[in-house]
Amino acid sequence: MTEGLQGPAPEERPQPSGRRNAQGIRIDPEMEAVHDPRRTALSALVQNEPGVLAKISGLVSRRQFNIESLTVGTTTNPETSRVTLVIEEPEPGIRQVEKQLEKLVNVISVRELGDDAIRRELVVLKVHGEEPDKVNAITDMYGGETLDAGPRTITVQITGDEQKIDDAIDAFRQFGIRELARTGQTALARGEEWTTHAEEERYERTQVRQ
Amino acid sequence: MSEGQQPPRTGEPERAEPETAEATEASERPVTSGAESVARALERTDVETLFGVQGGAIMPVYDALYDSPLDHVTMAHEQGAAHAADAFGIVSGEPGICLATSGPGATNLVTGLADASMDSDPLVALTGQVPSTMVGTDAFQETDTTGVTNPVTKENYFAGDADSVGDTVGEAFALADAGRQGPTLVDLPKDITTGSTDSEPAAGTTPETYDPPERADSEAVETAAGVLARADKPVILAGGGVIKGEACAELREFATEYGIPVVTTMPAVGAFPEDHELAMEMAGMHGTGYANMAITHCDAMFAVGTRFDDRLTGGVETFAPEAEIIHADIDAAEISKNVAADYPLLGEASVVIEQVHGAMADERAADMAATGERFQEWVEQCQQWQTDYPMDYPMDEDDPLKPQFVVETVDTATDDDTIVTTGVGQHQMWAVQYWTYTEPRTWVSSHGLGTMGYGLPSAIGARFAADDDQSVVCFDGDGSFLMTLQELAVAVRENLDITVFILNNEAVGMVRQWQDSFHGGRRMASEYPWVPDFAALAEAFGARGFRMEGHDEVADVIEDALAYDGPSVVDAFIDPTEDVYPMVPSGGANGQFVLAEEQL
Ligand SMILES: Cc1ncc(C[n+]2csc(CCOP(=O)(O)OP(=O)(O)O)c2C)c(N)n1
């Protein structure tokens, strides 16, 4: 007859005093490392192939990333599209989204945009048309454009950064908003900076050829 | 025309066995259709065995395979085909290939694809699809296969035209094998495979956008090596990537030269010889006590090719809480996904281990007056834990049969290079705990997905990839075996020399154990007093069946079953009350593993 498993019981064993936080980061007692969620935009250059968008959105949804908006459109190169994702995640989560996206075979390059990036969004909203003058005044104030005006409804468009769109929507509330549609953010890096590395490389390659 | 409308078959046409000369000729026949191009792409790989099930939408591909020298194994169920191909990939290192028809054939593959995806096993699935003109109409046997398999494949393709379909298959194969291995799928609409083309597929290459790193940044390597060199209590945590990346030799050299204890994850079992004095064996939920003590108390961890699965880490808050973590992986997305890496090293496992090995040598010259004894005190501590927490089980001659004893006795009766496959449950844990693995690619199991039913089909796949003189045994549970036992028909037809040991406790034992431990013994739906007579069932299939009851029968039955040249099934009636320990309760601290139910 053999003995079976033995040894000191769990509570009798030495235990280290260190610990990690829920994000798996070793906690330096001097410097608690907890990361709060941060809102940021990622720009991904992807191949223009059927199913790419499904792969990206599937990835984002099955990994439960907190996504605020996702926009997509072609670039100057007909073979590629740009996807702009706005996410709100703690730091490790942002890096994860970036790396998971990069893993997709059809994704060419991914980059987090800096704070100074140029970000724009479009909203089309339809308000009740009882006070057209006031509606016009607000539209002008936000540099918008009236797209359709009828006896009962007025439809306008506003473009701008997210904050401006939020403010504009707030301002139009007084007329009673019947419906609205927002595009979500699309963005490019500011100035000479390239939005993704792949575009820079391609640009340089084509310049050399010319 | 759907399959249902086809005229009844009068008889099976005799398939002429292609002779070698003819076969070579056959592979040089001109490509005339998409399907021929697919067959040619498969012939261009080194893989000679395919696993699959026929059907309407995949029929053109099968028709092209009729003239091909490739060996096709018809499985009883597509899940079996996927698991067989998966095991083929694990054992051979080359992607296994499975085929299925559209709709139900494709959906039956999904479990196998998910399994391969979780374990980064190289696998290529080819599925038939309704003609492109009918896609989206809910046609007979139509499923959105690429949609369904998106989350469980590394990449999937919907073949768009006959001219490029062969290239696509070649790319799928190359991609399954490259970087971090994984499953890929090509969906083949029937009009594409029947479409005419004379396009010879090119040698398969990975797409340009796929560019896994080879060597880690050398500065990062130096820093990491410095951390290891200056540590007092380092461990190497070897993950499945060490085996997938063919880095076992590098691992062994490095660990033994510096005397660093090695802990493995479950997929890495066999990466480091378990009979070596530095081997702490497997860590995690049902890992050894000493492995779990070592990872809990280490101050530096060199983790290679692991994704820090929760079955390994327990709660991350208490995982290696004081260790600086050096994480080497080929997949950047694994870095800091579950456990933050202090020193990430991106690259191929074999290359990165060599890089760190080299940099350690420099470190040593610089500031360690060291030899292999640098970590001696720590190694002794680890060995003390081996003495404190031995892997042992209570056994009296008159006790009901102990499953651990069955595993140990089969291990003793077989060679070191014997391949073990398993189902999922208690038997899987006993098979990993009580067998001494010394070679990579001899442990074939479902780790990440934990798929019951994996055992028998994976034994079949492993048999095809194994050397002729290498034995293949499967430890299965009665529950797991019931899920895919129809594949016995295949084992018999192909006369495969495999031996299945069913550790029969008339229960889905692992569930029963958890119910006893965590649900007050309320055994809802976990007892199977109605399991069939497995030995008789095996005989009904044309295999050999054996029964095993007392401890005194074990050695003889094992000998007879192993000696039988063909598939045999041993129904081992084990102690139905036996539980798996040590155990780290899920989300618990590895160092707090319990040794018995009372300690929970
Ligand atoms: C396909 C599938 N269904 C359900 C489970 C949940 N499950 C995990 S272990 C287990 C028990 C397995 O029983 P058995 O195969 O008899 O092995 P034992 O634990 O008795 O050795 C079950 C039901 C699973 N892992 N896989």
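Below, chain A is the first sequence line, B the second, and so on; all start at residue 1. Remember, predicted model here, so these are calculated numbers, not experimental data.
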_Using a 4.5 angstrom heavy-atom cutoff, name the option from B:Pro582, B:Ala332, B:Ala589 with the most pairs to chain A._
B:Ala332

_Residue selection (most heavy-atom pairs with chain B, distance under 4.5 Å) from A:Ala22, A:Gly58, A:Gly7, A:Pro10_ = A:Pro10

*Which of the residues B:Asp388, B:Val594, B:Asp211 is involved in the greatest number of heavy-atom pairs with chain A at under 4.5 angstrom?*
B:Asp388

*For chain A, find which of B:Thr206, B:Thr313, B:Asp331 contributes the most heavy-atom pairs closer than 4.5 angstrom.*
B:Asp331

*asked:* Heavy-atom cut-off 4.5 Å, strictly under: side chain, backbone, both or neither for B:Pro390 against chain A?
replied: both

_A:Pro50 portion near chain B, given a 4.5 angstrom heavy-atom threshold_ = neither

*Is a side-chain N or O of A:Arg20 found less than 3.5 angstrom from the main chain of B:Val339, in a donor-acceptor match?*
no

*If you count the non-hydrogen atoms of other residues, nucleotides and ligands that lie under 6.0 Å from CD in A:Glu79, is the total more than 12?*
no

*Provide the closest heavy-atom pair for B:Phe593 versus A:Arg13 in the form atom of the first, atom of the second, distance.*
O-NH1, 2.7 Å

_The criterion is side-chain contact (heavy atoms from CB on, under 4.5 Å); which residues satisfy it with A:Thr71, sequence neighbours excluded?_
A:Thr84, A:Thr186

*asked:* If I measure from the heavy atoms of chain A, does B:Leu175 come under 4.5 Å with its side chain, its backbone, both, or neither?
replied: side chain

*Is a side-chain donor or acceptor of A:Arg26 paired with a backbone partner of B:Ala323 at a separation under 3.5 angstrom?*
yes

*Rounded distance [0.5 Å steps], CG in A:Leu5 versus CD in B:Gln433*: 8.0 Å

*Which atoms of B:Pro212 come close to chain A, meaning under 4.5 Å heavy atom to heavy atom: side chain ones, backbone ones, both, or neither?*
neither

*Please look at B:Asp342 and chain A and tell me whether the side chain, the backbone, both or neither of the residue comes under 4.5 angstrom of a heavy atom of that chain.*
side chain

*For chain B, which residues of residues 93-118 of chain A have at least one non-hydrogen atom nearer than 4.5 Å to it?*
A:Gln96, A:Lys99, A:Gln100, A:Lys103, A:Val105, A:Asn106, A:Val107, A:Ile108

*Are there more than 12 heavy atoms of other residues, nucleotides or ligands under 6.0 Å from atom CD of B:Glu208?*
no

*Most chain A-contacting option - heavy-atom pairs closer than 4.5 Å, from B:Ala320, B:Gly315, B:Ala596*: B:Ala320

*Which atoms of B:Glu324 approach chain A - backbone, side chain, both or neither, heavy atom under 4.5 Å*: both

*If you count heavy-atom pairs under 4.5 Å between each of A:Pro92, A:Gly24, A:Gly51 and chain B, which one has the most?*
A:Gly24

*At what distance, to the nearest 0.5 angstrom, does CD of A:Gln15 lie from NE2 of B:His297?*
5.5 Å

Return all side-chain donor-acceptor pairs below 3.5 angstrom for residues 177-184 of chain A, not counting sequence neighbours, or 'none' if the list is empty.
unit_1	atom_1	unit_2	atom_2	d
A:Glu179	OE1	A:Lys126	NZ	3.3
A:Arg182	NE	A:Glu121	OE2	2.8
A:Arg182	NH1	A:Asp166	OD1	2.9
A:Arg182	NH2	A:Glu121	OE1	3.3
A:Arg182	NH2	A:Asp166	OD1	3.1
A:Thr183	OG1	A:Leu122	N	3.0
A:Thr183	OG1	A:Leu122	O	3.3

*Does atom CD of A:Glu193 have more than 12 heavy-atom neighbours from other groups under 6.0 Å away?*
yes

*Hey, does the side chain of B:Glu322 reach the backbone of A:Ser17 with a donor-acceptor pair shorter than 3.5 angstrom?*
yes

*Among all residues two or more places apart in sequence or in another chain, which pass the side-chain contact (heavy atoms from CB on, under 4.5 Å) test with B:Thr288?*
B:Glu281, B:Tyr290, B:Ala291, B:Met391

*Given side chains that start at C-beta, do those of A:Lys55 and B:Asn150 come closer than 4.5 Å, heavy atoms only?*
yes

_What part of A:Gln47 gets within 4.5 angstrom of chain B, counting heavy atoms only: side chain, backbone, both, or neither?_
side chain

